[in-house]
Amino acid sequence: MARKPIIAGNWKMHNNVSESIELTKGIIKGVKDLDKNTLPEIVIAPVFTSLYPVSKELEGCDKVSLSSQNCYFEPKGAFTGEISIDMLKDLNVSYIIIGHSERRQYFKEDDELINKKAIAILEAGLTPIICCGETLEQREMGVTDSHISSQIVKALEGISPENVEKTVIAYEPIWAIGTGKTCDSKEANRVIQQIRKTVAQVAGSAIAEKVRILYGGSVKPATIVEQMAQSDIDGALVGGASLQAESFIEIIKGAIK
Ligand code: 13P
């Protein structure tokens with residue numbers, strides 16, 4: 001069975017409550033007349049403080065799902081500044097982005113923490129979007145594939161094949177994030193095929209064929225059609241171009257099958 005594409009907008013640290021509501025309204029309006037059967041799954045990931053108002057705005061809209069940009073793996077307790085998965089579930093959040101390179105780089109998140117989050121998210125019945133990607137230095141040193149394979153193996157450690165099947169992976173080369181330098185589509189597809197091989201080693205090839213693997217890094221309306229035409233790219237994790245309803249809608253339209 002064909003993998004259903006996903007177009008996810010990672011708003012990063014942008015948009016206060018009123019800006020988030022305005023953007024959500026624009027997205028809802030933009031997808032209103034599009035046929036749900038041919039649409040990709042659409043996901044938006046606002047900042048924590050906008051999740052509740054955005055979830056209210058999405059009531060009655062069955063075309064857009066809500067994601068958070070992070071979570072903590074413990075269910076509750078003395079973890080100042082953190083948010084549990086149940087708290088997110090309470091707000092109709094169904095996806096959680098984990099292991100984004102910005103969290104790895106600026107907040108020192110490591111593979112072990114990302115694995116704990118992935119396990120807890122799946123146990124709670126939500127979907128992790130597990131990010132991986134290499135730096136420019138790693139690419140130039142020729143260690144892209146081994147680095148990414150290691151990130152994926154560690155993120156999926158101890159997760160049953162049935163749960164691996166439910167995960168979404170996002171390949172985001174760090175040098176392509178926010179730089180305007182999109183990774184060549186064929187190269188992105190090649191790396192994603194390597195990721196699928198790694199998933200097959202962890203959970204078997206039947207499961208690997210079902211896992212959705214997205215590309216992220218300077219995705220724009222002008223790049224999405226070629227990206228979606230690749231055999232193994234199942235959608236996009238979009239940063240900058242998801243902050244305007246018009247460009248996000250154009251990307252969604254480019255992913256219609
Ligand atoms: P840009 O689309 O702004 O390059 O960001 C990509 C990204 O990091 C999405 O998570």
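Atoms within a ligand are numbered from 1 in the order they appear, just like the ligands themselves. Side chains included, hydrogens not; waters and symmetry mates left out as well; all remaining heavy atoms used.
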among protein heavy atoms, the one nearest atom 2 (O) of ligand 1 is G239 N, 2.9 Å
Has G180 got any heavy atom lying under 4.0 angstrom from an atom of ligand 1?
-> no
If you measure only the distance, is there a donor-acceptor pair under 3.5 Å linking the side chains of T24 and E57?
-> no
State the atoms of ligand 1, each with its element, that fall below the 4.0 Å cut-off from a heavy-atom position in N10.
-> 9 (C), 10 (O)
Please determine which of Q105, E172, Q69 meets the side chain to side chain donor-acceptor pair (under 3.5 Å) test together with H100.
-> E172
Indicate whether the side chain of T135 and that of Q138 have a donor and an acceptor atom separated by less than 3.5 Å.
-> yes
Output the list of atoms in ligand 1 that are nearer than 4.0 Å to some heavy atom of G178, sorted by atom number.
-> 1 (P), 3 (O), 4 (O)
Would you call G216 a ligand 1 contact, heavy-atom distance under 4.0 Å?
-> no
Would you tell me whether S218 and K181 have side-chain atoms, one donor and one acceptor, within less than 3.5 Å of each other?
-> no
Close-contact set for ligand 1 against S218 heavy atoms, below 4.0 Å | 1 (P), 2 (O), 4 (O)
Purely on distance, is any nitrogen or oxygen of T179 under 3.5 Å from one on ligand 1?
-> no
Inter-residue atom distance I7.CD1 - I252.CD1, 0.5 Å rounding = 7.0 Å
Looking only at distances, please establish whether an N/O atom of ligand 1 is found under 3.5 Å from an N/O atom of G240.
-> yes
Would you mind checking which non-hydrogen protein atom is closest to atom 7 (C) of ligand 1, with the distance to 0.1 Å?
-> E172 OE2, 3.1 Å
For A241 and ligand 1, answer yes if some heavy atom of the residue is under 4.0 Å from a ligand atom, otherwise no.
-> no
I177 to ligand 1: N or O pair under 3.5 Å?
-> no
Looking just at side-chain N and O atoms, do S18 and N16 make a donor-acceptor pair shorter than 3.5 Å?
-> yes
Ligand 1 atoms nearer than 4.0 angstrom to some heavy atom of L237 are 9 (C), 10 (O)
In terms of residue, atom name and distance, what is the protein heavy atom nearest to atom 5 (O) of ligand 1?
-> K12 NZ, 3.3 Å
Which of the numbered atoms in ligand 1 are below 4.0 angstrom from a heavy atom of G217?
-> 4 (O), 6 (C)
Identified salt bridge (Lys or Arg N to Asp or Glu O under 4.0 Å) partner of E109 from the options R104, K117, K116 = K117
Pair S231-N189, side-chain donor/acceptor within less than 3.5 Å | yes
Test item: side-chain donor near acceptor, S50 and S20, under 3.5 Å | yes
Proximal ligand 1 atoms for A176, defined as those under 4.0 Å from one of its heavy atoms | 4 (O)
Thinking salt bridges, do D232 and R196 make one under a 4.0 Å N-O criterion?
-> yes
